[in-house]
Amino acid sequence: MVTRFSRSTLLLKRPSAVKGKSAKRLLSGLLLGCITVPTMAHAQIEASPLVPAFLPDGFDKGRNVSVTERPRPEYDPLGVNLGGFKLFPKVETGVGYSDNVYLTNGNKEGDGFAVFNPSARLRSEWDRHQVQLQAAGAFRRFFNNSVRNEDAFNLGALGRLDVGNALSVTGEAQYAQQFETPITGDVASNLAVLSQYERDFLSLRGQYGVGQGRLILAADRSHFSFDPIKLPSGTVIDQENRDRTLHRVTGQAEYAVTPSVSFYGQVNYTDTNYDTNFLPGIANRDSDSYRAIAGTNFDLSGLVRGTLGVGYAKRNFNSPLYKDVDGLSVEAKVEYFPTELTTLGVNARRVIEDSNIGNINAYFDNRFSLRVDHELLRNLVLNAIGEYAQQDFIGSARKTTFYRGSGGARYFINRLLGLQLQMSYIKRDTTGEDLGQTFDEFRGQLTLVVQR
């Protein structure tokens with residue numbers, strides 16, 4: 001049975017399955033037997049549910065090194081020399097447990113899972129120009145709930161041409177198969193957890209820097225193709241009306257008032273075109289979007305570095321069925337260095353995103369996170385993360401709020417081996433109809449890292 005993905009409430013029904021108590025006991029024993037410290041976040045609240053950031057972060061001027069960036073010569077992988085290139089292969093494999101596999105409010109289904117995440121990165125070792133290729137997979141198998149199995153991958157290529165000392169041109173291509181995060185306002189969370197999509201991404205970016213100034217111009221294209229959602233009941237929900245192509249142009253000018261502090265202005269235009277109508281005879285949410293922000297980049301040695309930007313965003317829909325939206329837009333990322341062994345990071349973001357829930361066309365996506373990384377030992381790094389996300393659906397009283405707390409540890413055994421322990425708790429509250437269920441989930445995962 002195939003169901004069209006329409007603007008109605010679609011709640012995920014939990015199948016009858018064997019409870020995951022034995023898997024939970026197995027994981028608990030492994031966690032206690034191997035390492036007993038706070039854990040890494042199994043996933044952060046993403047900066048954007050689907051679309052990559054407008055431009056790379058520009059605050060790092062080489063005056064500070066965070067705990068996670070710090071070189072550890074005795075533990076860092078050496079890679080495999082291949083002439084003018086170096087290859088860095090890595091495999092992560094482990095087991096985990098979720099106490100709410102389907103993100104439901106009642107009668108929660110717990111289950112264990114196994115993960116296998118291979119990756120490889122090939123980069124050039126030249127003095128000028130750069131070429132980088134990468135491939136990564138993320139495969140998850142649940143013990144008793146195969147409908148939640150995940151097969152994800154990402155393929156990428158990047159090339160940078162240095163033209164003289166002032167100008168560089170960078171081209172990038174990516175193709176990925178990914179699963180949606182439940183922290184999204186695009187669809188109800190209990191559907192997003194089963195939603196898979198393919199994304200192809202092409203970009204061309206030019207950067208010109210001379211004296212105290214820097215200009216960046218970037219153009220990119222992203223296409224999203226959403227697979228049908230297969231519910232445990234056997235029902236299939238078609239998502240073809242979510243397929244879309246985004247063409248985006250971004251320009252940024254930056255001026256350094258000191259070697260440590262600069263000010264910038266950024267403008268962006270995005271053209272969004274959906275592949276099909278929303279429903280037969282009903283136009284989809286094709287739109288033109290504009291955003292302008294201004295702010296500062298700073299990197300003060302031994303103290304703090306970051307980017308702060310505030311501006312205005314507007315989205316004009318092509319069809320009169322949808323009301324145009326505009327409002328405040330914010331981008332912020334700050335890292336504070338109280339000591340060489342501790343890094344405190346703060347992220348904040350407010351943008352406009354499309355929604356496919358009920359009769360809503362867009363929402364403001366507000367996100368804030370606080371992260372602490374601490375080097376307890378030379379080969380043991382701990383972190384703790386608190387995250388908050390709120391989605392305000394425009395023209396509606398509907399609202400979704402997410403909270404996540406997580407902790408983690410990375411233990412470096414030697415150059416080749418390491419252990420990662422990850423735990424997190426997420427809670428979702430909703431106000432209004434068609435947003436899916438309120439839920440909470442605990443997830444833990446222990447991973448062995450093998451790298452070269």
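One is the number of the first residue; the rest follow in order along the sequence.
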So does [X] pair up with [Y], basic N to acidic O under 4.0 Å?
X      : Y      : answer
Arg443 : Asp99  : no
Asp440 : Lys108 : yes
Arg291 : Glu331 : yes
Glu150 : Arg148 : yes
Arg63  : Glu335 : no
Arg141 : Asp151 : yes
Glu387 : Arg367 : no
Glu92  : Lys90  : yes
Glu125 : Arg123 : yes
Glu375 : Arg410 : no

Quick one: do the [X] and [Y] side chains pair a donor with an acceptor below 3.5 Å?
X      : Y      : value
Ser119 : Asn117 : no
Arg350 : Asn366 : yes
Ser168 : Gln207 : no
Glu180 : Gln178 : no
Thr68  : Ser66  : yes
Ser124 : Gln132 : no
Gln390 : Asp392 : yes
Ser195 : Gln239 : yes
Thr447 : Gln445 : yes

Practice item. Could you go through the salt bridge (charged side-chain N to carboxylate O under 4.0 Å, His left out) check for Glu69 and Arg305 one step at a time? Key: CA-CA 14 Å; Glu69 296 171 337; Arg305 68 182 179 187; 2.9 Å; yes
**Study point:** Chi angles and distances behind the salt bridge (charged side-chain N to carboxylate O under 4.0 Å, His left out) call for Asp354, Arg315
**Key:** CA-CA 10 Å; Asp354 282 348; Arg315 180 165 299 191; 2.4 Å; yes
Check your understanding: After noting the C-alpha distance and the side-chain angles of Arg248 and Asp220, does the key distance pass the salt bridge (charged side-chain N to carboxylate O under 4.0 Å, His left out) rule?
Key -> CA-CA 5 Å; Arg248 186 169 60 177; Asp220 61 66; 3.1 Å; yes
Atom [atom1] of [X] and atom [atom2] of [Y]: how far apart are they, to the nearest 0.5 Å?
X      : Y      : atom1 : atom2 : answer
Phe263 : Asn297 : CZ    : CG    : 10.0 Å
Arg285 : Thr272 : CZ    : OG1   : 9.5 Å
Asp373 : Thr342 : CG    : OG1   : 9.0 Å
Ile426 : Phe442 : CD1   : CZ    : 13.5 Å
Leu122 : Leu87  : CG    : CG    : 6.0 Å
Arg378 : Phe412 : CZ    : CZ    : 9.5 Å

Point to revise | Worked check of side chain to side chain contact (heavy atoms under 4.5 Å, CB included) between Gln451 and Val449 | key: CA-CA 6 Å; Gln451 60 187 9; Val449 180; 4.3 Å; yes
Exercise for review: Check step by step if side chain to side chain contact (heavy atoms under 4.5 Å, CB included) holds for Phe364 and Phe393.
Suggested key: CA-CA 6 Å; Phe364 280 108; Phe393 295 88; over 6 Å; no
Review point. Checking side-chain hydrogen bond (donor to acceptor under 3.5 Å, both in side chains) for the pair Thr270/Asn268: CA distance, chi angles, key distance, verdict?
Key: CA-CA 7 Å; Thr270 304; Asn268 167 269; 3.2 Å; yes
Exercise for review: Evaluate whether atom CZ of Arg221 has more than 12 neighbouring non-hydrogen atoms of other residues, nucleotides or ligands under 6.0 angstrom away.
Suggested key: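 Check passes, neighbour count above 12.
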Exercise for review: Considering non-hydrogen atoms only, spot the tightest contact between Leu158 and Gln130 and give its length.
Suggested key: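 Looks like CD2-OE1, 3.7 Å.
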**Study point:** Heavy-atom pair with the smallest gap, counting every atom of Gly302 and Asn64
**Key:**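 Looking at all heavy atoms of both residues, the closest pair is N-OD1, 2.7 Å.
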Non-hydrogen side-chain atoms of [X] and [Y] separated by less than 4.5 Å:
X      : Y      : value
Ser289 : Ile352 : no
Tyr264 : Thr307 : yes
Thr93  : Val115 : no

Ignoring hydrogens and geometry, is there a side-chain-to-backbone donor-acceptor pair from [X] to [Y] under 3.5 Å?
X      : Y      : answer
Asp162 : His129 : yes
Arg242 : Glu240 : no
Asn154 : Gly137 : no

Point to revise | Worked verdict on Phe337 versus Val65 for side chain to side chain contact (heavy atoms under 4.5 Å, CB included) | key: CA-CA 9 Å; Phe337 307 91; Val65 178; over 6 Å; no
Exercise for review: Dump the intermediate steps for side-chain hydrogen bond (donor to acceptor under 3.5 Å, both in side chains) on Asn145 and Tyr102, then the final yes or no.
Suggested key: CA-CA 9 Å; Asn145 294 272; Tyr102 296 101; 3.1 Å; yes
Point to revise | Aromatic centroids of Tyr388 and Tyr403 separated by under 6.0 Å | key: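 Yes.
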**Study point:** Ring centres under 6.0 angstrom apart (Phe142, Phe113)
**Key:**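 Ring-ring flag for Phe142/Phe113: true, centres closer than 6.0 Å.
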**Study point:** Within 45° cone and under 6.0 Å: Arg121 NZ/CZ vs Phe88 ring
**Key:**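 Yes, cation above the ring, under 6.0 Å and within 45°.
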Check your understanding: Cationic tip of Arg428 within the cone over Phe439's six-membered ring, i.e. under 6.0 Å and within 45° of the normal?
Key ->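 Checked: cation-pi criterion not met.
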Practice item. Return the orientation label for the Phe85 and Trp126 ring planes: parallel under 30°, perpendicular over 60°, tilted otherwise. Key: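 Because their plane-to-plane angle is over 60°, the rings of Phe85 and Trp126 count as perpendicular.
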Practice item. Decide yes or no on side chain to side chain contact (heavy atoms under 4.5 Å, CB included) for Leu376 and His374, but give the supporting numbers first. Key: CA-CA 6 Å; Leu376 185 64; His374 178 70; 4.2 Å; yes
Exercise for review: Apply side-chain hydrogen bond (donor to acceptor under 3.5 Å, both in side chains) to the pair Asn100 and Glu109, showing each step before the final yes or no.
Suggested key: CA-CA 5 Å; Asn100 192 0; Glu109 177 80 21; over 6 Å; no
Practice item. Assess whether side-chain hydrogen bond (donor to acceptor under 3.5 Å, both in side chains) is satisfied between Gln422 and Ser406, documenting all intermediate values. Key: CA-CA 8 Å; Gln422 305 170 321; Ser406 56; over 6 Å; no
